[in-house]
Amino acid sequence: MRLKLLFLSCLLLIFICTSAFTQDEAVVADSLETTAETISPAPATSLTAIDKPDDHGHGIDLSWELSADDGGGLMSVMGYMIYRATSPDGSYEARSGLLLNVTAYSDVGAMNEGENDYMPDYTDYYYKVRALTTDSAVFADSEILGPVQSFGQWFNWKRLSVLLLVAGFLFLTVYFIQKAKGGAKLFVRRLAGIEAVDEAIGRATEMGKPILYVLGLGTAADIATIASYTILSRVAKKVAEYQTGLIVPCYDPIVMAIAQETVKTSYMNAGRADAYNEDMVYFVTNQQFAYVAGVNGVMLRDRPATNIYMGKFYAESLILAETGVAAGSIQIAGTDEISQIPFFVVACDYTLIGEELYAASAYLGKEPLLLGSLKAQDYAKACLIFLAIIGFITLMFGYHGIVDFFHVAG
Amino acid sequence: MDRSRRISLIIFAGIIILFILSWIIKSTTLLNVGTESLLSIRDAFFITFAAFLTLAIFSFLYKDNPYYKFAEHLFVGVSAAYWMCVGFWSTFVGNFIPKVSTTLSNFFEVPPKEFDIFYFIPLILGLMLLMRLSPKGGWLSRWSLAFIVGTTAGLNLIRYLRTDFITQVSNTFIPLLVDWNGIGPFFSDFSLSASGQFVMTLGNWVIFIGVFSGLIYFFFSKEHKGFFGHASRVGIWVLMITFGASFGYTVMGRVSLLVGRLTFLFKDWLGLIS
Amino acid sequence: MKRQVPVLITFIVGTVLILSVFFPPAERLGEDFSIFFDIIAVFAFFLGGGNLLRIHFGKVYQKREDWGFSIVTLCGFAIMMMAGLFKLWNPGGIAADVAAPGSLFQLMYDWIFNPLGASMYSLLAFYVASASYRAFRAKNIDATILLIAAFVILLGRTPLGMYVTSWVPESFSILQIPNLAIWIMVSPNLAGQRAIMIGIALGVVSMSLRLILGVERTYLGVDNE
Amino acid sequence: MSDIGLILSIGVIVVGLLWLTIRSLTGREVERRIIFLFIGISVAIPLLFNITVSEKATPIVKGIYDKVENLPSGSKILISFDYGPSMAPEVEPMSDAFLRHALAKGHKVFIMGLWATGQSLGAAAVDKIVKPEFPDKVDGVDYINIGYKAGNQGVLNVIITDFRKMYATDVNGVDLDSVEIFENIRSLKDMDLILCVGGGFPGIKEWVLFAADPGNIPLAGGSAAVATPLLYPYYPKQLIGLLGGIKGAAEYESEMKKNYPRFADMPTPGLNMMGPQTLAHMVVMAFIVIGNLSFFFAKRRKK
């Protein structure tokens with residue numbers, strides 16, 4: 001409890017401090033009274049230009065105030081264009097298209113020499129904003145502003161809150177893993193879907209029928225798929241012990257490679273390396289519905305006693321699950337694809353909802369290291385709820401610090 | 001020859017006859033429209049074949065049968081090759097070749113780009129992955145798997161934290177009292193519009209309580225008892241509404257897909273509707 | 001060595017990618033790595049294609065059940081592969097888009113791949129009905145809530161919902177079924193979605209950290225410690 | 001003649017459902033194949049007899065319509081075709097409507113796709129809509145199709161800073177540096193509006209995460225109904241508007257028909273599809289009722 005408070009207050013303190021950070025100082029140009037021609041509009045005023053913050057250079061942020069004749073006065077200004085030169089009286093080139101009703105623009109160029117539109121850093125630039133009317137011959141230039149230079153930053157301050165969250169989470173995870181290593185008992189609630197897995201394997205063994213394990217449509221780039229390997233390894237180990245059949249049709253070749261590795265290891269760990277067969281884990285095809293057609297075929301022809309769906313699923317979820325129902329299999333599903341959870345909930349016997357899928361991989365092992373990270377996750381949730389409630393209260397009193405903290409611009 | 005075999009042969013013969021009939025009729029109709037003769041015969045074949053495949057898939061609703069098996073196996077083969085070809089031309093030839101070899105770029109007639117030594121990293125990792133196929137070098141493939149998983153972990157961590165986590169949380173900061181103008185106006189308008197204060201306020205409360213009770217349901221290291229038990233119970237109800245609503249909302253999209261298929265059958269194949 | 005190196009690679013790659021987000025000079029690493037990933041995926045196609053051929057040739061060779069259909073798969077694969085790699089019938093030759101109109105690749109796509117995919121997908125119209133018949137029953141409180149929410153939304157998506165409740169005055173328009181359906185979608189539904197989303201985000205972060213720290217390593221075919 | 005057919009077939013559905021309802025009072029279950037049959041009939045009949053219903057635009061749809069309408073003529077609108085043929089019946093009406101509306105309003109249209117299949121669908125849309133209906137529009141000046149690149153959201157990651165790093169040419173092999181429409185375009189950030197039409201992965205969500213959010217670019221979209229509820233959290237902050245499923249498309253179409261005389265006779269696949277939808281929804285609801293009836297009466301009997 002003390003730790004929780006400490007952590008929270010640290011977090012609070014840090015972002016209150018950071019919200020006090022100030023930006024680079026801007027070069028400000030005073031407005032200039034133009035001796036206007038009879039129909040020439042008023043120019044844009046208060047032009048400012050600073051290096052674009054939080055980038056890798058090659059960008060300058062401009063801002064100005066609307067011409068008095070834009071939306072008022074003569075009502076003649078249609079829009080603005082940005083012009084740039086490398087000396088105050090050099091030749092100015094247009095740097096933007098027509099900008100309508102805006103007062104800010106980022107002039108960003110290419111980063112590498114030789115590219116079109118290359119914009120070197122540490123070079124003096126001079127800017128002016130031109131207020132345009134519908135008549136291309138009638139316009140007004142603002143005062144020339146400069147010199148301004150662009151340069152790169154080493155750190156993106158806009159993303160500080162993200163970094164703090166990562167650091168906080170890392171801290172919690174490492175802390176609880178250490179605690180778990182030290183032998184502390186960590187409670188984890190029951191996950192019905194996972195407990196059903198063992199039961200379902202037993203049933204398949206009794207019936208002498210195989211188990212179908214579907215890793216879904218995820219690629220190796222999906223965390224859900226990676227979580228699914230852990231569950232697969234557990235299932236494979238049990239299956240090896242019980243000498244039941246296992247069928248793992250795959251959608252992605254890389255996923256297939258990893259799944260083969262996982263199943264093979266599980267069989268070896270169960271001491272039944274001899275029972276492992278390369279054809280248990282195989283590639284079907286890399287197209288959603290062709291894959292479904294293939295898996296449907298397996299369901300009706302090999303009649304697996306249990307179908308386990310874990311990973312990323314899209315529209316095919318219900319086709320799979322309903323075919324499984326027709327085939328009379330017990331079905332356990334888990335996915336983090338929110339739009340498909342309802343279909344699994346409706347058609348399957350057990351469903352792991354979203355986060356439960358990741359938790360399952362930790363839960364299954366009951367290893368202290370993995371459980372420690374679950375605990376960290378819960379603490380993060382608690383912190384979040386706590387912060388949010390404080391946020392609401394402070395918001396009522398007009399303090400926006402907490403809300404802003406969660407608003408990441410860049 | 002037993003009875004069931006004879007029946008399935010009769011069905012098979014019937015389908016063949018219907019197929020040829022459809023092919024001939026379709027060819028003549030296409031010819032009448034003014035299509036070139038060879039093209040019309042080709043297109044008529046393809047349309048008939050596509051209609052046959054569609055019906056073969058639908059037959060699965062009744063039960064598994066050889067026609068579904070045929071369609072399924074054809075689909076698997078064709079689709080596997082499709083993605084390989086697209087990946088080869090667009091990623092390998094399109095993105096990789098121009099960066100590493102001018103000769104190969106010229107061979108494939110793609111414009112070569114500036115040579116980039118870093119593109120040998122995926123080449124090496126890709127080849128390592130293929131080492132799986134050799135009995136001894138399998139362990140090398142783990143290196144590229146490790147690279148893939150590392151990339152996944154690194155990219156996803158930040159991505160989810162930035163958008164799903166931070167944005168969703170910040171979207172939850174909504175006023176719990178919308179434009180308060182006193183009790184009178186508050187209870188006078190129960191409409192779903194910007195003027196309906198009551199409904200908007202109620203909606204915001206539901207979101208607020210729903211999100212947090214939902215999150216409490218996902219607590220793993222606390223037993224769902226007492227306060228946690230009640231809160232997670234509410235959480236489950238909110239999730240149930242979500243699931244029911246999402247399901248009901250989806251029916252429309254699914255029916256549209258069937259409409260699309262039936263339109264193909266009625267319009268493009270049978271010409272029943274215009 | 002065989003075990004430590006992969007874990008180390010994951011650690012380094014993951015950490016570098018995380019840090020690159022915060023340091024503008026390294027910002028483009030994420031981009032480059034995404035491209036690398038795709039290129040590796042192309043190599044993996046060989047694994048997939050090889051495996052597919054092995055499985056189906058095996059079936060044909062051993063004359064296992066339904067081996068005749070495996071020949072269909074092999075033929076489909078071979079023809080599509082040749083059509084794509086050699087750009088057969090492609091009016092533009094090798095430089096043209098692989099799916100240029102008129103090419104064999106595109107024809108097979110239009111008349112085989114496409115109808116099959118669309119038909120498979122449209123089976124969902126039937127399954128949605130059979131699933132709702134079976135599952136939407138007032139068995140207990142949870143199931144009843146599920147049922148009511150689904151029913152209101154279904155009503156709200158048809159003109160029927162409007163006819164049933166059109167007598168409700170405008171100042172109570174929330175009680176009109178289509179509006180109620182929208183309200184369910186944007187309030188309780190959104191709350192549930194958001195709770196799941198936030199949970200998933202935390203789960204992903206936690207899982208990613210486990211991977212980067214090397215705590216979770218089943219994917220390497222190595223048992224967790 | 002068609003009226004007789006219509007009445008007859010609706011009669012068959014109603015009588016069939018009534019019979020099943022009465023049967024369910026004895027607690028008997030309906031076999032799934034019967035449900036399949038009813039769904040099939042209820043979709044086929046309105047299609048054959050062409051029954052339509054009228055629609056009114058909801059604010060979330062109107063949001064997009066007004067945005068396209070209020071952008072000054074000549075604005076740059078990118079339409080991304082992020083779907084495959086299997087999803088096309090549901091979302092193609094949306095991309096068609098967007099394309100028509102944007103061109104009619106005189107905007108510059110950029111077509112691309114994050115799905116391999118999107119490239120040819122984009123090209124098909126150009127052949128089907130732009131060439132016959134807008135003969136004065138010139139490829140490379142008023143519109144361009146830059147096609148598909150592999151890499152899913154990775155593509156967005158790249159083109160948000162630089163189009164040319166991913167795309168050297170358009171689909172016809174024309175160098176992007178040589179076309180007028182691309183003259184002042186460097187990255188996605190130069191777009192005035194992005195319209196994403198999709199419903200799977202990658203789709204609108206990826207556009208929000210990797211383009212609209214980091215680049216602060218106005219984004220709206222059309223989505224398959226299944227993915228739509230998921231996108232509500234992004235509306236109205238990160239998404240200007242959203243067409244949800246075929247109903248959204250129908251609303252957009254009716255809005256266009258109402259305001260543009262030239263579109264009075266345009267094909268309205270969205271509106272046409274609402275007939276089968278209505279009947280199919282009613283059948284699904286009827287089966288939910290039947291299911292509950294048989295459940296309750298079966299339970300009673302047990303007692």
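Letters A, B, ... mirror the listed sequences (proteins, then strands); counts begin at 1. Just so it is clear, the structure is predicted and the values come from calculations on it, not from any experiment.
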Phe46(C), CZ atom: more than 12 neighbouring heavy atoms under 6.0 Å:
no

Of the backbone (N, CA, C, O) and the side chain (C-beta and beyond), which part of Asp32(C) lies under 4.5 Å from a heavy atom of chain D, both, or neither?
side chain

With chain C as the partner, which of Ala88(D), Gly291(D), Ala280(D) has the greatest number of non-hydrogen pairs under 4.5 Å?
Gly291(D)

When only pairs under 4.5 Å are counted, which of Glu29(D), Arg32(D), Met285(D) shares the most heavy-atom pairs with chain C?
Met285(D)

Reference residue Val16(C); test side-chain contact (heavy atoms from CB on, under 4.5 Å); the match among Leu19(C), Val13(C), Ile12(C)
Ile12(C)

For atom CZ of Phe295(D), decide whether the heavy atoms of other residues, nucleotides or ligands shown that lie under 6.0 angstrom number more than 12.
yes

Tell me which of these, Leu279(D), Ile39(D), Val283(D), has more heavy-atom pairs under 4.5 Å with chain C than the rest.
Ile39(D)

Which atoms of Val43(D) approach chain C - backbone, side chain, both or neither, heavy atom under 4.5 Å
neither

Backbone N/O of Phe81(D) and side chain of Trp115(D): donor-acceptor pair under 3.5 Å:
no

In short, Pro85(D) meets Pro89(D) closest at the heavy-atom pair O-CD, 3.5 Å

May I ask you to name which of Phe287(D), Phe38(D), Phe36(D) has the most heavy-atom pairs under 4.5 Å with chain C?
Phe36(D)

Determine the sole option in Thr144(C), Leu154(C), Leu146(C) for which the side-chain contact (heavy atoms from CB on, under 4.5 Å) test with Phe136(C) is passed.
Leu146(C)

Measuring heavy-atom distances to chain C, does Thr117(D) have an atom under 4.5 Å in its side chain, in its backbone, in both, or in neither?
both

Does Leu88(C) have more than 12 heavy atoms from other residues, nucleotides or ligands lying within 6.0 Å of its CG?
yes

Does any backbone or side-chain atom of Phe37(C) lie under 4.5 Å from a heavy atom of chain D? Answer side chain, backbone, both or neither.
neither

Which atoms of Leu116(C) are under 4.5 Å from chain D, going by heavy atoms: the side chain, the backbone, both sets, or neither?
neither

Proximity breakdown for Gln119(D) and chain C, heavy-atom pairs closer than 4.5 Å
side chain

